[in-house]
Structure formats: structure tokens, C-alpha cells
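Here the structure comes first, spelled out in C-alpha cells, and everything after it is commentary.
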Amino acid sequence: MYVILDLICHWFQRNLDIVYFIYGLAFVVMGVAILVQRKKRSVFKLANIIWLLAGFGLIHGTNEFLDMWAIIKGRSPVFDIVRSFILIVSFLFLFEFGRQLFHICGQKHRDKITKLFGWWLTLIVGLVIFIFGFMSTDFWKIGSIWARYLLCFPGGLLISFGLVSYYKYENKELYSLKVKKYFFWGSLFFLAYGILGGLVVPKADFFPSDWINADSFLMAVRIPVQIFRAICAIIITWAILGILRIFNWEMEEKLQREITERKLAEEALQRSHDDLEIRIQERTKELTKTSELLKVEINQRKQIEEEIRRDYDIQKTLNSLLKFSLKAVTIDEVLKYTLELVLSIPLLSFQSKGCIFLVEDESQILVMKVWKGISEYLLKSCARIPFGRCFCGQAALTQRIQFVDHLDERHEIRYEGIMPHGHYCVPIIFSGEVLGVLNIYVSENHPHSQKEEDFLIAITDALAGVIERKKASIKLEETQAQLIQSAKIASLGQLAGGIAHELNNPLTGVLNNVQLIKMEAGMKKEFNMENFKELLGIIEQSALRCRKIVQAFLNLSHTAKSEFEPLALNPLIEEVKVIIEHEMKLGNIVFQNDLRPDLVNIKADSQLLEEVILMLISNAKWAIEKKFQNKNGGIITIKTYQDPEAKSVIMSISDNGIGITQENIAKLFTSFFTTKKVGEGTGLGLALIQSIINKHKGDISVESQVNVGTTFKVKFPCI
């Protein structure tokens, strides 16, 4: 028996190149079979990773062919390095396939384990193997040993366990395909290959390769380990080829399903074709019967489309009117725009003639404000119409629309050559009060249209709201102007004593010098011309000082006209300063000016801006007096400068008074809000200031700290 085993052992050792060829061929066949197998759009997760196994088969098969070549042609150092490198790369593919197969098996209890087997694990193991190999004196031998220990052995275990787990995971689909034996034998021989290829390594001088190695295996079994590896490779290839049948089945299943679906579709198509033939015949009969109904429906649809278009034009007109009314325009401009809009709608059968009346100062009298296409005679005759006279007067009196399609006895105002026509006379009513009448001309015998009437009512309702809003706006502006003037007069009243004192000084100088001249003239002394000129100069200078103070006082006391014109800001500040300067001296308050001389002009009303400056300075004076109690230390600083980026001119007025709390700053510009005691203020000052600045399209802001001071900053747009 031992003699036979020795003969077999010697034969295999002499023909080991044939073993390597069969060994490598088996894995190459496996790799090619995997690659040529169609797996695209497969539902099996295995299809996404099995290419790694194909890579192992092709690369490791190549390695075995190189081992065969080394036996036949002999070894060399470079050749050994290439073989070792290819071996390591093939085992990297084997290990990565095992890792990913273990990962896709689906059991939740493996989640923690699979997190430890990330893609980085393969990379790290590969780097460790290359480091160990290059650090040794024999890269081929040491690198191959560590590749088998760290990649081949764990890779074989992972694949063995993974194939069994994957079969259980996909059991519903795989059971009917009868591939269980392939998964079983594949699992078993991958385990065997992992042990034979991963633990039985070339002999080396370190554990465990000095104990378990190819030489010790040969002595124990009497057959080279390569024989068993080749057998494992053949059976693994057979098992993988069997497993690949699942993709063939999947393709056949899909193909059969598509064939079945196509047959069903063809049958359904034929049935549909037959049904369609029958329905076409029935439909032809129906179409013959309903062709006239369709024509009627088309006509109705056209009418609906016309109504929709007309409604759109009407809504557009109303929107245009409301949008226009929001602009800074007069009531007459709104009326003119409204009349043009109403007469411009093409789908309404109005003539391009009409007018709008308003009730002005006299009640029960309509005054024609705007018109279009009206004759000269009617412009004179219909300029003022009492309620009840003619169609327009009837509409105002009854507060109801007056429609007429021809001239009859109710048309009281006539003239020779008047053309036949009709009217829509629509009262403009707000809260039960007649504000005016809209008069639109139509052609003779024009049919009454509820749509047209509804449109005109909508227009007059909107116009009534606009008129009332404009009237309220005018009244508000008048009231505001009165408040501004009242505030200005009140401020001037407070300054009157200071102004009188300012006038008294130069007037005293004038009086004293005039009395001196009279005295010398009465004594009949000869005048010294130089002294006389000096006295006249003092008199002139004092008189000019008086005129400057009086002029500034008169300018400030004038009522604002809201006339915006280009002006310089610095002279306005100087003019207000002339009036209030003495009042500041009495309160021991110091003025500090920082006025930039190169400021561009702004567009403003000088009277309104002077009032803003005066009120802001007055507020600063009050804050300082509350803090210093007429003692020294109060400072008011006025600055002007330009912001080129914002294209604005900025004026700031600062004081070092009592300051304002953050809570009160938020309410500072609210009407009737004040922190002053009763009798000291009404709470309207800052609200009026903000209103004036808004009129100038400017902006006001405030910064303040309690017991530190306050700064008001006003921005005006440049011209």
C-alpha cells in the first residue's frame, strides 16, 4: 500500500505542471462563465457582487498558469515578484467577494458585525500584506504566506458561510429552482479551499508556517496540497456554474412573462379592434344625430368665451382704475382716466362719447367735470344740471340707473341737428349719498344689456370709493397743514421773547448812535466825516441784523405751500439757528455745527423743512433742560453730510440730554404718544415730522441711550 502511495506521490510531483494547468483552467472557466452570464436588471442581489468572484477566478487562474510556467521554464526574482503580486490581488478579490456576500444576506443581527467589515477592511489588509512582503528578504514567499493567512482563509470562510445564508435569504425564489445542492457543495468546498489555500502555506521560519505548511502536509498525506486545491477549484467551478442557472431562469422567466403578456396584449388588441369596429359604426350613427347639437354647443361656447373675455376686460378696467387712483393724482385726473377706460372696451357697445358729473359745493346740482365727444352746445347747456332735470338729473334724484335707447320727452336738453342716440346714466353713490353721475352714449335702438349695466355699476361703485378717499386725503392734508402751522406758531410763540431780546440789542445801538448824531448837530459842532461814517456803518450793521432776524421769523411763520423745488439744506439750518440762538444761550446750551459745504441740493418745501429742524431742536432743548436744569453742559450738534452710495443727503441733530428708553423708541412716532407731562407736549410733534419727511420721500431714524443723549438722523434723496 505504501509503495502505491509513493508511486502516486512521485507521479504528481513530476507532473505538477499539469496539476497547475487544471487548477488554473478551472478558475478561469469559472471567471469567464460569470462574466458572460447575463445579469442585467436581475432582482438577485448576488448579481451586483459576483463580478468580484469572476475577477478572483481569472486572476488566480492566471497565477496558476504562471506557477506552471515557473516549473517548466524555471524561476527568477522578477518573475517571482510578479507572481506574488498577482496572487495577492486575486485573494483581495476573493476576500472582498466574501465580505460583500456576508453583508447582503439580510439578517438584522449581523448589522453590528457587518459595520466592522467595511470596504476599508480589504484595503487595510492588502496594505499590511504588501508592507510585510516588502520588509522581508523574499517578497514572493512572505507576501504569499500573509496573503493566504489574511485573505484566502477568511475569504473562504466568509464565502462558505455567505452562500448558505444567501440561499436561506432568497429561499422563496431559489427553492423551486433546485439549486440547493450547488449552494451546499459550493459552501463546503469554499470552506475546504479556504483551509487548504489559506493555512497550508510554503514553509517559513515563523509560526504557524513552520508547523503547518506544504511540506508537512505532503509528509502526512503523501499527496501534494496542490492536488486537493485543484479538486476544490473544479468542484467550486461546477457549483458556481450551477448557481449561475438562477440568472438563466430569471431571464427565461422574464422572457416567458413578456411572451405571455404579448399574447395577452395581442388578444386584447384584437378584442379592442373588434369592439372598435362596432363602436365606430355606433358612433357614426351618433355623430350623424348630434352634428347639429354640436354646432349649437360651439355657438354657445363662443358666446361664453366672449362673455369671459368681456368679464376679463371689465375686471382689468376696474384694476386699472384702482391702481391709477393710488397714484398722486387729482380727482379730475381720476375721472378723466375712468371715462377713457370705460369708452375703450371693444366688447361693450358704447359710443365714444360720454361725461362725468360731480356734486360740488351746492347740493342738488351736478357739475360736468370731464367729457369726451360732447358738442359745444351741450358743454354750455349741461355744465350745471339740477337734480331731476333730463336723464342725468333723474339718475341723481332717483339714485337709480336711467337707460333709454332713443330720444323721447324725458330728454329735456335738445338742440337743432342733434343726432339720434341713447344713454346709460348711472348715479355715483357712496353710503346713500349721490356724489355724481356717469353718462355714457349708446346708439339708437341699442338693446339693454344687464352685463353692461352691471359693469357700469361696478365702475361707479369703485369710482365712489376713490372719490371719497381722495376727498378724505385732501381733508387730511389740510388738517395736517393746520397742525404743522399750529405747531410752528406755538414754537414761534415760545421763541418770541428771545427774538425780542435779539432785536433789542441792535435797535439800542441804532437809537444810541442816532441820538449821538442829533446831540452833536444840536450843539452845532462840526462833523468829523470819518466819525460820521463810522456811526452810519454801526447803524447800518444793526439795521441789517434786525432785518435778518425779522426775515427769518417771517419765513418760518409763513404757511407751507407744499411746493417742492431744488434747495440747499445748510442755509435753512442757519436761518432756524438765527431765531432760536438766543433761546439756547438763555438755557446755557452750546450749538455745535458740522455742515458740509459741498452738499448737493434736495427737492423740498423750505417751510416744511424749517419746521422739522425747529421741532427737532426744540425737542433736544427740552431733553437737555430736563437733565441739566439750565446749568452749563448742554450741547446740541447739527451735522450734514452726503452718502454717495445711498444717493442721499443726511442731517443729524444730536443732544446730550436725558435720552429715550428702548421701549419708548418703538412708539416714538405714534400720534399722541409723549413722555412729557401734561401741558408740555401733545405727542403730535414727531408724528408730524415723520409725515413731512415721508412727503419728501425721506426717512427718519433715532438712536438714544438713557442719560447719555439722543440722535435723530434724517435722510433726503438727492436730486
Side-chain angles (χ1 to χ4, degrees), residues 314 317-318 321-322 324-325 330-345 348-415 418 421-443 446 448-471:
I314 290 170
T317 302
L318 289 172
L321 170 60
L322 294 175
F324 182 78
S325 68
T330 63
I331 293 178
D332 287 353
E333 288 174 324
V334 173
L335 297 178
K336 185 176 181 181
Y337 185 78
T338 303
L339 186 62
E340 290 287 347
L341 279 177
V342 172
L343 298 179
S344 65
I345 299 178
L348 297 176
S349 304
F350 301 152
Q351 291 186 0
S352 188
K353 294 174 64 176
C355 60
I356 299 179
F357 297 89
L358 285 186
V359 178
E360 291 193 333
D361 297 334
E362 298 182 42
S363 60
Q364 305 290 309
I365 297 294
L366 296 174
V367 179
M368 187 186 297
K369 303 299 292 183
V370 295
W371 59 88
K372 184 177 181 181
I374 305 296
S375 66
E376 290 293 332
Y377 178 83
L378 289 179
L379 287 177
K380 295 179 181 179
S381 303
C382 299
R384 298 173 66 85
I385 297 178
F387 281 25
R389 186 183 181 193
C390 207
F391 292 120
C392 297
Q394 283 294 321
L397 182 64
T398 62
Q399 297 191 5
R400 303 178 74 176
I401 291 179
Q402 300 295 314
F403 172 76
V404 62
D405 62 353
H406 64 284
L407 297 174
D408 59 18
E409 65 280 356
R410 292 175 295 170
H411 202 295
E412 300 178 26
I413 302 176
R414 301 189 183 211
Y415 59 93
I418 189 171
H421 62 273
H423 287 281
Y424 277 109
C425 294
V426 189
I428 304 170
I429 302 172
F430 187 86
S431 298
E433 179 185 356
V434 176
L435 305 180
V437 172
L438 171 63
N439 178 23
I440 302 297
Y441 282 66
V442 295
S443 302
H446 176 79
H448 177 268
S449 170
Q450 189 61 42
K451 288 285 186 183
E452 292 176 345
E453 186 171 309
D454 292 343
F455 165 67
L456 293 174
I457 291 174
I459 285 290
T460 53
D461 287 346
L463 189 57
V466 172
I467 292 171
E468 280 299 304
R469 191 173 70 249
K470 288 292 181 182
K471 288 182 177 179

Cut-off 3.5 Å, no hydrogens considered: what does the side-chain donor-acceptor table look like for residues 425-440, sequence neighbours left out?
unit_1 : atom_1 : unit_2 : atom_2 : d
N439   : OD1    : H423   : ND1    : 2.8

Got V359 and L366 here, is their nearest side-chain heavy-atom distance under 4.5 Å?
yes

Under a 4.5 Å cut-off applied to non-hydrogen side-chain atoms, are D332 and K369 in contact?
yes

All side chain to side chain donor-acceptor pair (under 3.5 Å) counterparts of E340, not counting sequence neighbours
K372

So, for K336 and V370, which heavy atoms are closest and what is the spacing to 0.1 Å?
N-CG1, 3.8 Å

Considering only heavy atoms from C-beta outward, does the side chain of Y441 approach that of I374 to under 4.5 Å?
yes

To the nearest 0.5 Å, tell me how far L335 CG sits from M368 CE.
12.5 Å

Show the nearest heavy-atom pair for residues C392 and F357, with the distance to one decimal.
SG-CE1, 3.6 Å

Sequence neighbours left out, cut at 3.5 Å: what donor-acceptor pairs do the side chains of residues 456-467 make with other protein atoms?
unit_1 : atom_1 : unit_2 : atom_2 : d
T460   : OG1    : L456   : O      : 3.0
T460   : OG1    : I457   : O      : 2.9

Evaluate the ring planes of F403 and Y424, with Trp represented by its six-membered ring, and classify them as parallel (under 30°), tilted (30 to 60°) or perpendicular (over 60°).
tilted

Measure from the side-chain N and O atoms of T330 to the backbone N and O of E333, and report whether any donor-acceptor pair falls under 3.5 Å.
yes

Could you pull out the closest heavy-atom pair between Q394 and T398, with the gap in Å?
O-OG1, 2.7 Å

